[in-house]
Amino acid sequence: MDHLSLFETFNTEGWLHLPGTTVSLREIPWNQHPAFDGVELKHLVTAKETGGQFSYHLVRIAPGKAIGSHVHQTQLETHEIIAGTGTCASNGAEWIYEPGVISILPTGLPHEVKAGPDGLCLFAKFIPALT
(Lines give C-alpha, C1' and ligand atoms only; values in the text may rest on other atoms or scores of the structure.)
Protein backbone atom coordinates (compact mmCIF):
# COMPACT_ATOMS: atom_id res chain seq x y z
CA MET A 1 0.00 0.00 0.00
CA ASP A 2 1.41 3.39 -0.92
CA HIS A 3 1.39 6.22 1.61
CA LEU A 4 -1.44 8.19 0.02
CA SER A 5 -3.56 5.03 0.09
CA LEU A 6 -2.74 4.66 3.78
CA PHE A 7 -3.90 8.23 4.45
CA GLU A 8 -7.12 7.61 2.50
CA THR A 9 -7.68 4.43 4.50
CA PHE A 10 -7.63 6.48 7.69
CA ASN A 11 -9.82 9.11 6.04
CA THR A 12 -12.52 6.86 4.58
CA GLU A 13 -12.26 3.42 6.20
CA GLY A 14 -10.73 4.14 9.61
CA TRP A 15 -12.38 3.84 13.00
CA LEU A 16 -11.95 5.77 16.21
CA HIS A 17 -12.52 3.83 19.42
CA LEU A 18 -13.15 5.87 22.56
CA PRO A 19 -14.44 4.59 25.90
CA GLY A 20 -18.13 3.98 25.34
CA THR A 21 -18.24 4.81 21.62
CA THR A 22 -16.84 3.97 18.19
CA VAL A 23 -16.94 6.44 15.30
CA SER A 24 -16.30 5.90 11.59
CA LEU A 25 -13.69 8.42 10.45
CA ARG A 26 -15.68 8.73 7.22
CA GLU A 27 -18.44 10.45 9.26
CA ILE A 28 -16.14 13.20 10.55
CA PRO A 29 -16.20 16.20 8.18
CA TRP A 30 -13.23 18.05 6.75
CA ASN A 31 -13.00 21.75 7.67
CA GLN A 32 -11.09 24.51 5.92
CA HIS A 33 -8.40 25.93 8.18
CA PRO A 34 -9.66 29.32 9.37
CA ALA A 35 -6.40 31.14 8.59
CA PHE A 36 -4.48 29.17 5.93
CA ASP A 37 -5.68 28.65 2.34
CA GLY A 38 -5.30 25.12 0.99
CA VAL A 39 -5.23 23.54 4.46
CA GLU A 40 -7.98 21.19 5.64
CA LEU A 41 -8.52 19.65 9.08
CA LYS A 42 -10.48 16.61 10.20
CA HIS A 43 -10.92 16.91 13.97
CA LEU A 44 -10.75 13.26 15.10
CA VAL A 45 -10.64 13.79 18.86
CA THR A 46 -11.43 17.17 20.36
CA ALA A 47 -11.16 18.76 23.79
CA LYS A 48 -14.82 17.84 24.31
CA GLU A 49 -14.09 14.09 24.16
CA THR A 50 -10.95 14.25 26.32
CA GLY A 51 -11.84 16.82 28.94
CA GLY A 52 -9.22 19.10 27.38
CA GLN A 53 -6.35 16.63 27.88
CA PHE A 54 -5.46 16.18 24.18
CA SER A 55 -6.76 16.47 20.61
CA TYR A 56 -5.97 14.59 17.37
CA HIS A 57 -6.44 15.93 13.84
CA LEU A 58 -5.86 14.70 10.30
CA VAL A 59 -4.34 17.51 8.24
CA ARG A 60 -4.25 17.85 4.44
CA ILE A 61 -2.12 20.57 2.89
CA ALA A 62 -2.58 21.11 -0.85
CA PRO A 63 0.48 21.08 -3.12
CA GLY A 64 2.58 24.22 -2.64
CA LYS A 65 0.39 25.53 0.22
CA ALA A 66 1.48 26.13 3.81
CA ILE A 67 0.47 26.47 7.41
CA GLY A 68 2.20 29.79 7.97
CA SER A 69 4.36 30.63 10.95
CA HIS A 70 2.41 30.38 14.19
CA VAL A 71 2.82 29.52 17.88
CA HIS A 72 0.79 27.39 20.27
CA GLN A 73 1.31 29.10 23.61
CA THR A 74 -0.21 26.32 25.72
CA GLN A 75 0.12 23.11 23.64
CA LEU A 76 2.88 20.71 22.76
CA GLU A 77 2.27 19.62 19.15
CA THR A 78 3.38 16.48 17.34
CA HIS A 79 3.32 15.74 13.61
CA GLU A 80 3.29 12.22 12.18
CA ILE A 81 3.77 12.34 8.41
CA ILE A 82 1.64 9.81 6.52
CA ALA A 83 1.74 10.88 2.87
CA GLY A 84 3.29 13.46 0.57
CA THR A 85 6.31 15.63 1.23
CA GLY A 86 7.18 19.04 2.56
CA THR A 87 9.17 20.88 5.20
CA CYS A 88 8.76 22.22 8.70
CA ALA A 89 10.74 25.30 9.70
CA SER A 90 11.19 25.95 13.41
CA ASN A 91 13.70 27.73 15.60
CA GLY A 92 16.17 28.28 12.73
CA ALA A 93 16.05 24.64 11.55
CA GLU A 94 14.23 23.11 8.59
CA TRP A 95 13.17 19.47 8.63
CA ILE A 96 12.21 17.37 5.63
CA TYR A 97 8.69 16.00 6.01
CA GLU A 98 8.07 12.64 4.33
CA PRO A 99 6.22 9.47 5.37
CA GLY A 100 7.62 8.00 8.56
CA VAL A 101 8.82 11.31 10.06
CA ILE A 102 7.62 12.33 13.52
CA SER A 103 8.38 15.74 14.95
CA ILE A 104 7.69 17.24 18.36
CA LEU A 105 7.15 20.98 18.68
CA PRO A 106 7.32 22.19 22.29
CA THR A 107 4.95 24.78 23.71
CA GLY A 108 5.70 28.33 22.57
CA LEU A 109 7.92 27.32 19.61
CA PRO A 110 7.11 29.15 16.34
CA HIS A 111 6.82 26.82 13.36
CA GLU A 112 5.67 26.70 9.73
CA VAL A 113 4.77 23.69 7.57
CA LYS A 114 4.98 23.80 3.76
CA ALA A 115 3.70 21.12 1.41
CA GLY A 116 5.76 19.92 -1.52
CA PRO A 117 4.53 19.46 -5.10
CA ASP A 118 2.47 16.38 -4.19
CA GLY A 119 0.85 17.85 -1.06
CA LEU A 120 1.29 16.74 2.54
CA CYS A 121 -0.89 14.61 4.83
CA LEU A 122 -0.24 14.21 8.55
CA PHE A 123 -1.61 13.56 12.00
CA ALA A 124 -1.31 16.55 14.31
CA LYS A 125 -1.70 15.90 18.04
CA PHE A 126 -1.93 18.54 20.76
CA ILE A 127 -1.35 18.21 24.51
CA PRO A 128 -3.36 19.71 26.13
CA ALA A 129 -6.12 19.85 23.55
CA LEU A 130 -6.30 22.52 20.90
CA THR A 131 -9.42 24.53 21.57
Side-chain angles (χ1 to χ4, degrees):
M1 174 181 292
D2 67 30
H3 296 106
L4 188 55
S5 295
L6 176 60
F7 185 81
E8 285 306 313
T9 298
F10 278 111
N11 181 33
T12 61
E13 299 174 31
W15 293 93
L16 172 64
H17 301 288
L18 295 166
T21 189
T22 295
V23 177
S24 167
L25 299 187
R26 178 189 308 260
E27 296 173 15
I28 300 171
W30 283 98
N31 300 282
Q32 292 296 316
H33 193 287
F36 302 112
D37 181 49
V39 179
E40 295 178 290
L41 307 167
K42 183 179 270 209
H43 305 295
L44 303 180
V45 180
T46 66
K48 177 182 169 188
E49 288 92 21
T50 67
Q53 292 180 29
F54 60 90
S55 62
Y56 286 11
H57 314 266
L58 281 177
V59 181
R60 267 193 312 216
I61 306 173
K65 297 294 184 174
I67 299 173
S69 184
H70 64 287
V71 175
H72 301 284
Q73 293 296 342
T74 59
Q75 292 93 10
L76 174 137
E77 181 177 4
T78 67
H79 295 158
E80 299 171 23
I81 311 310
I82 301 171
T85 59
T87 59
C88 180
S90 180
N91 206 27
E94 184 172 276
W95 305 316
I96 301 297
Y97 268 15
E98 59 190 7
V101 170
I102 298 172
S103 63
I104 299 172
L105 301 157
T107 301
L109 188 66
H111 56 283
E112 176 179 41
V113 178
K114 295 179 182 177
D118 51 349
L120 184 63
C121 302
L122 58 96
F123 276 117
K125 301 175 182 178
F126 297 87
I127 303 167
L130 187 64
T131 55

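All residue numbers refer to positions in the sequence shown, counting from 1.
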Checklist line | Residue list, side-chain hydrogen bond (donor to acceptor under 3.5 Å, both in side chains) with E40, at least two apart or on another chain | finding: Q32, R60

Check: By side-chain hydrogen bond (donor to acceptor under 3.5 Å, both in side chains), which residues pair with S103, not counting sequence neighbours?
Finding: Y97

Note to self: Looking at H79 and E77, would you say the former's side chain and the latter's main chain have a donor-acceptor pair under 3.5 Å?
What the structure shows: no

Item checked: Gap separating the CG atom of L41 from the CD1 atom of I61, nearest 0.5 angstrom -> 9.0 Å

Next item on the list: Report the C-alpha separation of Y56 and T50 in whole Å, then their side-chain angles, then the decisive distance to 0.1 Å, and conclude whether the side-chain contact (heavy atoms from CB on, under 4.5 Å) test is met.
Entry: CA-CA 10 Å; Y56 286 11; T50 67; over 6 Å; no

Check: Who passes side-chain hydrogen bond (donor to acceptor under 3.5 Å, both in side chains) against T46, sequence neighbours left out?
Finding: E49

Note to self: So, taking the atom named OG1 in T12 and the one named CZ in R26, what distance separates them when rounded to the nearest 0.5 Å?
What the structure shows: 5.0 Å

Check: What's the shortest heavy-atom distance between D118 and G84, and which atoms?
Finding: OD2-CA, 3.9 Å

Item checked: For P63 against P117, the heavy-atom pair lying closest together -> CB-O, 3.3 Å

Notebook entry, point to check: Just by modelled atom types, is the E80 backbone N or O under 3.5 Å from a matching donor or acceptor in the K125 side chain?
Noted result: no

Margin query: Please report the interatomic distance CD1(I82) to CG(L120), rounded to the nearest 0.5 Å.
Written below: 9.5 Å

Check: Nearest 0.5 Å, what's the NZ-CZ distance between K42 and F10?
Finding: 12.0 Å

Check: Of all residues at least two apart in sequence or in a different chain, which pass the side-chain hydrogen bond (donor to acceptor under 3.5 Å, both in side chains) check with N91?
Finding: none

Item checked: Cluster companions of F126 among Ile, Leu, Val, Met, Phe, Trp, Tyr (side-chain spacing under 4.5 Å) -> L130

Notebook entry, point to check: If you look at every heavy atom in N11 and W30, which pair is closest and at what distance?
Noted result: OD1-NE1, 2.9 Å

Checklist line | Nearest heavy atoms of Q75 and A129, plus distance in Å | finding: NE2-O, 3.2 Å

Item checked: Nearest-0.5 Å distance that lies between atom CD1 in I102 and atom OG1 in T78 -> 8.0 Å

Notebook entry, point to check: If every non-hydrogen atom of A83 is compared with every non-hydrogen atom of F7, which pair is closest and at what distance?
Noted result: CB-CB, 4.2 Å

Notebook entry, point to check: Where the side chain of S90 meets the backbone of P110, is there a donor-acceptor pair that is under 3.5 Å apart?
Noted result: yes

Next item on the list: Could you list the residues that satisfy ring-ring contact (aromatic ring centres under 6.0 Å, His included) with H43, not counting sequence neighbours?
Entry: H57

Next item on the list: Over all heavy atoms of both residues, which pair between L109 and H111 is shortest? Give the atoms and the distance, please.
Entry: O-ND1, 2.9 Å

Checklist line | From CD (E94) to OG1 (T87), nearest 0.5 Å | finding: 4.0 Å

